[in-house]
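Here's the structure we're looking at; comments come further down.
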Amino acid sequence: MSKNSQNRVMQTNKRRFVAAILMAFVGASAHAAGATESKLQPYEAVYTAYKWGDDVGEARIKLEALSNTQYSLTYSSKVSKFFLSDKRYEHSIFKVEDSSVLPIEYHYTRTGTGPDKKLTVNFNTDSGGKIAVENGDEFVWNGQFDNQIYRVDLANQLASGETNLTYDFVNYRGELRTYGVEVVGNENLSLPYGDFDTVKVKLIRDSKTRETFAWFAPSLNYTLVRLQQFKDGEEQGDIKLKSYTSE
């Protein structure tokens, strides 16, 4: 293959690479209930990433207690296929006060094929506080979450029977975004970690070309067990739970 042809293939595959889905929904499990819980249960979950049915890497999320009210939530992924590679890492520090989840710091790094990227966001959640994006914009804080912890609330809401939700947050590019979550039904799944009855949801965003679906297992306290994304009707990637531990 010529160098020009290889570059064209690289760019095409890069746009479709499975790593693109790994941050669409992964980042918290049901043990980060948040909205009505004052104490969260630490856990770690590991997911296998697939592309065209092949195992191309894994994603890992971990919730740790730093104090009675402060927590650390980390997400990491490492995937590779053909001549492409992608490593991503997110770290959120947040607190829970009066049953509310409040962001403190958010850090993001990405390395691999293409440009490396990094981002730091600091939150002042006092009255009149600001969101400060390092080397970027500043926003008035009006209840927004960071790119991970808006999902901290989701499992608890699903357990409470909610079927339509909306979340405002700052994404890993330092931009304000709004996502909706809609329950679309129930489904039994066979996964590397076992068979589970699940609640299937769809991520609602301003995109006519992308569709993202996620499955949560009530028997694992609504932990995320699968995530799948499509673009223009073609599967971009699929991740499935392979191990899970909690304290």
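Because only heavy atoms are used, hydrogens play no part in the values below, and waters and symmetry mates are left out as well, while side chains stay in.
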Point to revise | Under the ring pair (Phe, Tyr, Trp, His ring centres under 6.0 Å) test, residues paired with Y167 that sit two or more places apart | key: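 Ring pair (Phe, Tyr, Trp, His ring centres under 6.0 Å) check on Y167 returns Y150.
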
Is any side-chain heavy atom of [X] less than 4.5 Å from a side-chain heavy atom of [Y]?
X    : Y    : answer
L227 : D238 : no
I93  : L66  : yes
T113 : D86  : no
V133 : L119 : yes
L158 : V201 : yes
Y244 : V46  : no

Practice item. To the nearest 0.5 Å, tell me how far W215 CH2 sits from L191 CG. Key: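 Spacing of CH2 (W215) from CG (L191) equals 9.5 Å.
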
**Study point:** Spacing of OG1 belonging to T125 relative to NZ belonging to K95, to within rounding of 0.5 Å
**Key:**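 It comes to 4.5 Å.
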
Check your understanding: What residues, two or more places apart in sequence or in another chain, satisfy side-chain contact (heavy atoms from CB on, under 4.5 Å) together with T166?
Key ->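 In terms of side-chain contact (heavy atoms from CB on, under 4.5 Å), with neighbours along the sequence ignored, T166 is linked to T178.
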
**Study point:** For A65, all residues meeting side-chain contact (heavy atoms from CB on, under 4.5 Å), sequence neighbours excluded
**Key:**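 side-chain contact (heavy atoms from CB on, under 4.5 Å) check on A65 returns P42, Y71.
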
Point to revise | Test salt bridge (Lys or Arg N to Asp or Glu O under 4.0 Å) applied to E58 and K242, K78, K87, the passing residue | key: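 Of K242, K78, K87, salt bridge (Lys or Arg N to Asp or Glu O under 4.0 Å) with E58 is met by K242 alone.
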
Point to revise | Donor + acceptor pair across side chains of H91, T74 (<3.5 Å) | key: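 Judged by distance alone, the side chains do not pair up.
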
**Study point:** Of all pairs that satisfy side-chain hydrogen bond (donor to acceptor under 3.5 Å, both in side chains), the ones with a partner from residues 188-198, not counting sequence neighbours
**Key:**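 Sorted result for residues 188-198: N188-D197, S190-D195.
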
Exercise for review: Kindly indicate, with the supporting measurements, whether the criterion side chain to side chain contact (heavy atoms under 4.5 Å, CB included) is fulfilled by I239 and Y50.
Suggested key: CA-CA 6 Å; I239 65 171; Y50 299 92; 6.0 Å; no

Practice item. Given side chain to side chain donor-acceptor pair (under 3.5 Å), test Q228 with E235 step by step and report yes or no. Key: CA-CA 8 Å; Q228 187 178 38; E235 185 186 80; 2.6 Å; yes

Exercise for review: Kindly state each residue pair satisfying salt bridge (Lys or Arg N to Asp or Glu O under 4.0 Å) with at least one member in residues 168-178, sequence neighbours excluded.
Suggested key: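 Found E175-R177.
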
Practice item. Give every residue pair that meets the salt bridge (Lys or Arg N to Asp or Glu O under 4.0 Å) criterion with at least one member in residues 118-136, sequence neighbours excluded. Key: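 Only K130-E138 qualify under salt bridge (Lys or Arg N to Asp or Glu O under 4.0 Å).
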
Check your understanding: Is the CG atom of D206 crowded by more than 12 outside heavy atoms at less than 6.0 Å?
Key ->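 Open.
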
Point to revise | Considering all heavy atoms, the nearest V56-K81 contact | key: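 For V56 and K81, the tightest heavy-atom pair comes out as CG1-CD, 3.9 Å.
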
**Study point:** Exercise: identify the closest heavy-atom pair between P103 and F145
**Key:**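 Distance-wise, the nearest heavy atoms are CG-CA, 4.4 Å.
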
Review point. Hey, mind stepping through V183 and N164 against side chain to side chain contact (heavy atoms under 4.5 Å, CB included) and telling me if it holds?
Key: CA-CA 7 Å; V183 173; N164 287 279; over 6 Å; no

Point to revise | Ring-ring centroid check Y172 Y108, cutoff 6.0 Å | key: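 Ring-ring flag for Y172/Y108: true, centres closer than 6.0 Å.
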
Review point. Are the ring centres of Y75 and Y89 closer than 6.0 Å?
Key: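 Aromatic pair excluded; centres sit 6.0 Å or further apart.
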
